[in-house]
Amino acid sequence: MHLNTGTLESLSKRDQRHIWHPLTQHKTHPEMLGITRASGVYLYDEQGRAYIDGIASWYTAVYGHCNPYITGRVAGQMQKLDQVVFSGFTHEPAVALSERLIPLLPGNQSRLFFSDNGSTAVEVAIKMALQYHFNKGRKKQVLLAFEEGFHGDTFGAMSVSGLSVYNGPFEDLSLEVRRIPVPMTDAPDAILQQLDALLNENEVAAFIYEPLVQGAAAMKVHNRNGLGRILSFLRERGILLIADEVMTGFGKTGTRFASEQLETSPDIICLSKALTAGLLPMAVTSCSEEIFDAFYSDRLSDGFFHGHTYTANPLACTAALAGIELLLSDEIQEGIGLIQSSHKEFLERIALHPKIADYRQCGVILALDLATSASRYGNFRDEVMDFFMARGIFLRPLGNTVYLLPPYVISPDQLGEVYGAIVQLLDKI
Ligand SMILES: Cc1ncc(COP(=O)(O)O)c(C=O)c1O
């Protein structure tokens with residue numbers, strides 16, 4: 001066993017004394033697995049056991065853990081400039097990142113606003129949209145969102161999210177939000193009618209959506225044409241479009257950004273997670289020049305008075321720059337292609353298995369609904385997770401949905417190992 005100096009207790013035991021974990025009911029789930037290192041697709045626990053990280057640590061470490069290209073670049077930056085206030089100052093990593101990222105973004109994105117995580121990227125986007133109208137002298141304060149969407153845990157992000165396990169206790173404190181169903185067909189006529197009525201009755205500021213795939217809703221995949229029709233309808237009616245690409249960004253859906261696959265481009269885009277290649281927390285909210293212009297004025301109060309202490313941290317910006325270079329490399333593009341074709345072949349092989357109720361694939365994301373009922377955080381979900389962990393694979397099912405979103409550097413053999421474990425599970429349940 002790998003023990004920490006000065007104590008005979010495991011990490012797992014020491015953890016229980018003072019730490020409060022996210023999304024955890026400590027009474028029923030008191031024990032956390034101590035992870036001591038990670039490399040490539042593997043996480044290693046304190047007993048030295050290895051686990052394939054089948055979800056790239058919540059969709060962040062897509063170029064593999066401790067990727068030497070990323071860590072090397074950040075180590076170099078660390079010797080030059082660690083942190084500086086980003087109000088009144090600027091620095092090379094942030095400027096270079098803006099020059100590199102803006103041309104890659106879909107549509108007419110032209111400005112980056114930095115924050116710390118996916119929730120703050122969304123919070124910033126919502127505030128930007130609301131103040132955009134405010135600055136133009138319009139009282140538009142209602143937001144539109146998809147049912148079952150997930151956009152984060154801060155108040156604004158929670159308000160536009162649809163999952164009640166996260167936001168139930170705070171529902172009465174929420175922003176004003178109207179929800180529409182997710183488009184599952186080419187012809188979302190009923191949704192368009194509902195939207196028409198909503199727009200006639202409400203002063204809608206913006207629509208926020210996870211383009212193509214709703215991650216926390218068990219990787220729900222939209223009908224692309226259906227989503228396209230909703231977006232063009234809203235654009236015609238002058239509603240600002242906020243694409244939350246926190247999960248879908250940086251290659252997950254097969255293209256660099258999911259919004260590239262849709263004709264109507266967003267006005268505002270939220271990015272985080274794989275932005276910094278799994279190394280450091282950071283987010284950006286990008287917007288068009290038209291949005292920025294509404295804040296550009298001789299009046300101080302027209303400006304956007306939102307800022308976090310670590311805004312545009314130079315190390316995180318450097319990780320993001322290095323990550324983008326990897327994303328564009330032939331090696332990573334081949335990796336993404338290989339995962340997509342492997343998923344497709346695997347699905348062809350197992351789709352008719354009686355224990356699969358439904359399945360979907362979008363880019364490197366593969367989701368299988370097991371033919372069994374299971375609550376989101378119930379025993380069955382835990383048993384399935386334990387089943388995979390016992391086989392050296394980290395997957396974190398959402399209810400009865402097992403999904404994969406592996407690092408792009410996963411090898412065919414490692415991917416085969418994960419598929420093999422899924423087949424074993426299907427044959428067992
Ligand atoms: C689409 C989407 N938006 C926002 C968030 C919130 O990101 P964070 O957990 O970094 O606050 C998530 C997290 O899973 C997400 O999937």
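In each ligand, atom 1 is the first atom listed, and ligand 1 is the first ligand listed. What you are looking at is a predicted structure, and each value in this text was computed from that prediction instead of being measured.
Around ligand 1 you find N117, G118, S119, F150, H151, G152, E210, D244, V246, M247, K273, each with a heavy-atom distance below 4.0 Å.
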- request: I would like to know whether E289 and R111 meet salt bridge (Lys or Arg N to Asp or Glu O under 4.0 Å); could you show each step before the answer?
  value: CA-CA 7 Å; E289 201 65 11; R111 297 275 166 179; 3.0 Å; yes
task: Kindly determine whether E245 and S259 satisfy side chain to side chain donor-acceptor pair (under 3.5 Å), including the steps that lead there.
output: CA-CA 8 Å; E245 295 236 20; S259 298; 2.6 Å; yes
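Panel note: side chain E148, backbone K220; no donor-acceptor pair is recorded below 3.5 Å. Judged by distance alone, the side chain of T255 and the main-chain N or O of F257 form a donor-acceptor pair under 3.5 Å.
A cation-pi contact, defined as under 6.0 Å to the ring centre and within 45° of the axis, is absent between R235 and F233.
Side-chain atoms of M158 and F170, non-hydrogen and from C-beta on, do get closer than 4.5 Å to each other.
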